[in-house]
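Shown next, in structure tokens, is the structure this report addresses.
Each residue takes its place number in the sequence, starting with 1. As the structure lists them, so they are numbered: ligands from 1, and atoms in each ligand from 1.
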Amino acid sequence: MSPRYLGGNMAGVRGHNRAAVLCCLQEQGALSRKGLSRALGLTPAAMTKITAELLEEGLLRESPAPALGVGRREVLLRLDPHGRCALGVMLGLGRAILSGVWLDGAVIFSETVPLPLRAPAEETVKTLSRRLLALAEENRLERSKTLGLGIAVRGTVAADGRGARSTFDALDEGDFPLCDRFEAYTGLPALLSNNVRALFAAELFLDRERRPDSQFFLRCGSGIGGAFALHGRIWEGEGRQCAEIGHIPVVRRGGKPCHCGKCGCLETVASPEAILTEALLRLSPEETPLLWQAARGKGKENLTLTDVLDAARGADAGAAALVDRGIEYLAGALKSVIYLFDPGKIVLYGKVFDHPYFLSRLRAEMDLGVDGSHRVPLQRSPFNGTLEPKAPGLLVAAAFLQNGGGPESAQKGL
Ligand SMILES: [Zn+2]
């Protein structure tokens, strides 16, 4: 349990003010010293001192504001995104994405490495670390500017936040100390998060629009994942398992086995992978005529979820029935989220939400049996499909800014 009350000393206040300046500029883009003083409630003298320090350290840069008439032009301050960088590993099922990002999340490099199912943990971390360092070198990233390594992993995270408890078949070992092992092979400090929470953190970091106080993030990739944020911060839960929406048991009897070890989880009936698998099982000229035609054209083994959704949209009753069944389960779980947490919006992330049939059916299903005051906007992420290479490194960048930048505060958070 963390202490409820903490005293402040001068060093703490300095770090707090530096963090306020860095985070304010990250969110708002560019401001003058006067604008920053006003926004943060600090005296102009204090602001001059803090910004001089941050400029000296290469974290900010200055540019003249556009001229609005006669008189002195104001100088604007903004983060220097190239002042620091971070490396990242997104560890998923059957693949890892290695990447490097600047402080603003711009991708410096990104490479997808295929992995076997249940990849040998130690060997995999060693191979990925070596490749990542080679990529950093190829891209001429200076070690002194590299803040650390962010790791986003599928499955559940250990209570201390530094290891994986279960990667749901991505690695062959449960309870694996990912941070320690990556740190040993790369020599960089590491931060770890569940993959969906990392994607949501990246979304919140990059989203400059006025956000509601609370949001729920739904990710449909091969599986289904969720995350919940309050006042811009992600709630991890007591056991760091918030919000495993994909593993809510929804099929009471005869449910299919899930990667998590249970049977009948939401993701076994409603995930894109589950819907495609079910469609392939039921493929026949009688039951799914349009999908059957598509299979004759391109081969059954080449059918994708898009083919199933296209068939459903084109009045293939069999394909539509099984897609709709999945959506009904998914909407049921989301309605529980709404009634329990009353979020300001639900952010949808995943390729499946780009398909008009899936999105319109989900919206229609969400309106059923729900009174007006519980209709929460469903918004497809403006960053849909782009966050995977950014999210792990942004864990490190965000921690660095929130700790006030600088070597001593970076170490505190990493
Ligand atoms: Zn499960």
Step-by-step side-chain contact (heavy atoms from CB on, under 4.5 Å) determination, Leu115 to Leu93: CA-CA 8 Å; Leu115 296 174; Leu93 192 65; over 6 Å; no

Does NZ belonging to Lys34 count more than 12 external heavy atoms closer than 6.0 Å? no

Near Lys345 NZ, under 6.0 Å, is it more than 12 heavy atoms from other residues, nucleotides or ligands? yes

Looking only at the aromatic ring of each residue, does the gap between the centers of Phe228 and Phe341 stay below 6.0 angstrom? yes

Total protein N, O or S atoms, the Zn ion (ligand 1), separation less than 2.8 Å: 4

Taking atom NZ of Lys49 as the centre, does the number of heavy atoms from other residues, nucleotides or ligands within less than 6.0 Å exceed 12? no

Results of salt bridge (charged side-chain N to carboxylate O under 4.0 Å, His left out) for Glu138 - residues two or more places apart only: Arg131

